[in-house]
Protein chains: 2
Amino acid sequence: MRLSRKSEYGLRALLELTKAYDQVALRRSDIAAAQHVPVGFLETILLELKRAGILGSRPGVQGGYRLIKPPEDVSVGQVIRILDGPLAPIPCVSQTAYQTCRDCPYSRTRDCPIQNVMFDVRNAIAGVLDGYTLRAFYDRNRNRRVRKSPKRRGNSPLSSTQGTSDPQ
Amino acid sequence: MRLSRKSEYGLRALLELTKAYDQVALRRSDIAAAQHVPVGFLETILLELKRAGILGSRPGVQGGYRLIKPPEDVSVGQVIRILDGPLAPIPCVSQTAYQTCRDCPYSRTRDCPIQNVMFDVRNAIAGVLDGYTLRAFYDRNRNRRVRKSPKRRGNSPLSSTQGTSDPQ
DNA sequence: ATATAGTTTAGAAAAATTATTAAGAATTAC
DNA sequence: GTAATTCTTAATAATTTTTCTAAACTATAT
């Protein structure tokens, strides 16, 4: 259930690119330095984000990468899907990349217990990540959620202001 | 964000063991056959669940594995933690296995955007998985959640998820 | 004692993740 | 044009994690 380095690096890079949105292009080396990520790896990540239509780039002197979509229109969920694939814990509950299970004893009955649980998990994850825009991700103290209040637990929408209540 | 085979196999095995709860012990070979999982791998999985106190076992003729905790008292989240480790996408938001990030540029400010997002994800995942008992997992059409549904049918003891780590 | 079945450790095999390299192509400045 | 800069692409190396196997060992019941 772990977030890959790839997605982590990608999100860190997007933090920088959101900051520079509508201003300057950032060189991969600048991004790598600012966020302490290996420049070579970052390269492949930025390329993937470019192919996905989130980033634009230009070679040459004033070149570099820039965010070409408004940060309000890109969700963290989208980014992770691009870099890591579907959010769903198992393919048979993915909305964006559904696949039947190959050797599940329940695949005939259409009522697999694991599928049932993981369906809820998938929705819980997507509910959080698809509701988080890059904008909210960047200036992280307000406007965090873009959608109406999440249905997870009866908390108030902004309840997890979480000024870092030290976990554990 | 994927569920490992290990956890999947473990949960499948627990499905069989829940069915046989308070009745018979199941041999690993029986479980492996019923759920189409490699018997050698299953072995190590069952052992881990045993060490964690969820299963008991006995060698010899009428031997095998059996669930030694009431299925009402074991959550799917517990099982996955035992087999796969923390539910949290990154260690710095884990409630059960917190670790500081080693090279995060934000680790000083105590206000890391990634940490903020993943904190919510962690809680969303744990909210689902810790609310799902083995009992609900097994007879999956009713009483799915243990927390939200006040009406329990039958006379099950239900000491309400004693072992599950309470998120928050 | 014997057959049955779990226990334990080590580690092999396979897959996924993480990263590097190097040659190439586009852009700008001059 | 040429040179400097910076992205582009593909191949692949390195590392880690996951998945699985093997074999010797121990416990239980009859």
Side-chain angles (χ1 to χ4, degrees), chain A residues 1-13 17 20 24-33 35-68 80 82-86 89-91 102-103, chain B residues 1-13 17 20 24-33 35-68 80 82-86 89-91 102-103:
Chain A
M1 296 274 176
R2 220 174 125 56
L3 184 75
S4 71
R5 283 254 182 265
K6 194 175 181 183
S7 282
E8 189 188 329
Y9 292 164
L11 288 172
R12 291 228 214 123
L17 290 161
V24 293
L26 301 181
R27 289 174 301 180
R28 54 184 198 184
S29 55
D30 292 337
I31 299 172
Q35 292 283 342
H36 296 113
V37 318
V39 63
F41 195 17
L42 182 63
E43 209 168 81
T44 59
I45 292 168
L46 293 172
L47 259 299
E48 284 187 60
L49 293 174
K50 181 190 175 179
R51 292 203 192 95
I54 289 182
L55 300 183
S57 64
R58 220 181 39 188
V61 168
Q62 293 282 2
Y65 291 89
R66 59 175 73 229
L67 190 57
I68 58 172
I80 294 180
I82 291 164
L83 297 176
D84 267 354
I90 47 177
R102 34 178 186 36
D103 63 350
Chain B
M1 298 274 175
R2 222 174 120 61
L3 184 76
S4 71
R5 284 256 182 265
K6 193 174 180 184
S7 282
E8 189 190 328
Y9 292 164
L11 288 172
R12 292 228 213 122
L17 290 162
V24 292
L26 302 181
R27 290 174 300 179
R28 54 184 197 184
S29 56
D30 292 337
I31 298 172
Q35 293 282 341
H36 297 114
V37 318
V39 63
F41 196 16
L42 182 62
E43 207 168 82
T44 60
I45 293 167
L46 293 173
L47 260 299
E48 284 186 59
L49 293 174
K50 181 189 176 180
R51 291 202 196 96
I54 289 184
L55 301 183
S57 63
R58 220 181 39 188
V61 168
Q62 293 282 1
Y65 291 90
R66 60 175 73 229
L67 190 58
I68 58 172
I80 294 179
I82 291 164
L83 297 176
D84 267 353
I90 47 178
R102 34 181 185 37
D103 62 351

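Chain letters run A, B, ... following the sequence lines, proteins first and then strands; every chain starts at 1. Bear in mind the structure is a predicted one, so any value in this text is a computation, not a measurement.
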Using whole Å, report how far [atom1] of [X] lies from [atom2] of [N].
X	N	atom1	atom2	result
B:Met1	C:dA16	CE	C1'	16 Å
A:Phe41	D:dT16	CZ	P	14 Å
B:Leu47	C:dA10	CG	P	14 Å
B:Glu48	C:dG6	CD	P	17 Å
B:Lys6	D:dC20	NZ	P	12 Å
B:Arg51	C:dT9	CZ	P	7 Å
B:Leu55	C:dA5	CG	C1'	15 Å
A:Leu83	C:dT18	CG	P	11 Å

Is [X] near enough to [N] that one of its side-chain N or O atoms lies under 4.0 angstrom from OP1 or OP2?
X	N	result
A:Tyr9	C:dA19	yes
A:Arg2	C:dT17	no
A:Lys50	D:dT8	yes

Could you give the distance from [atom1] ([X]) to [atom2] ([Y]), rounded to the nearest 0.5 Å?
X	Y	atom1	atom2	result
B:Ile82	B:Ile54	CD1	CD1	3.5 Å
B:Leu49	B:Leu67	CG	CG	9.5 Å
B:Ile31	B:Leu17	CD1	CG	4.0 Å
A:Leu46	A:Phe41	CG	CZ	11.0 Å
A:Leu11	A:Glu8	CG	CD	8.0 Å
B:Leu42	B:Gln35	CG	CD	9.5 Å

What does nucleotides 1-6 of chain D look like as a protein-contact string, B for base, S for sugar-phosphate only, - for none, at under 4.0 angstrom between heavy atoms?
----BB
Assess the residue pair A:Arg2 and B:Arg2 against the criterion (side chain to side chain contact (heavy atoms under 4.5 Å, CB included)); give the C-alpha distance rounded to whole Å, side-chain angles, the decisive distance to 0.1 Å, and a yes or no.
CA-CA 8 Å; A:Arg2 220 174 125 56; B:Arg2 222 174 120 61; over 6 Å; no
Side chain to side chain contact (heavy atoms under 4.5 Å, CB included) for A:Ile45 and A:Tyr9? Distances and angles first, verdict last.
CA-CA 8 Å; A:Ile45 292 168; A:Tyr9 292 164; 3.7 Å; yes
Just compare C:dA22, C:dT18, D:dC20 and give me whichever is closest to any side-chain atom of A:Glu43.
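Closest nucleotide among those given: C:dA22.
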Checking C:dG6, D:dT9, D:dC20 against the side chain of B:Ser57 (C-beta onward), the nearest is C:dG6
Verify, without hydrogens or angle tests, whether A:Ser7 (side chain) and A:Ser4 (backbone) share a donor-acceptor contact under 3.5 angstrom.
no
With pairs defined as Watson-Crick or G-U wobble and both distances under 3.5 angstrom, please note down DNA chain C as a dot-bracket string, | for pairing with another strand.
||||||||||||||||||||||||||||||
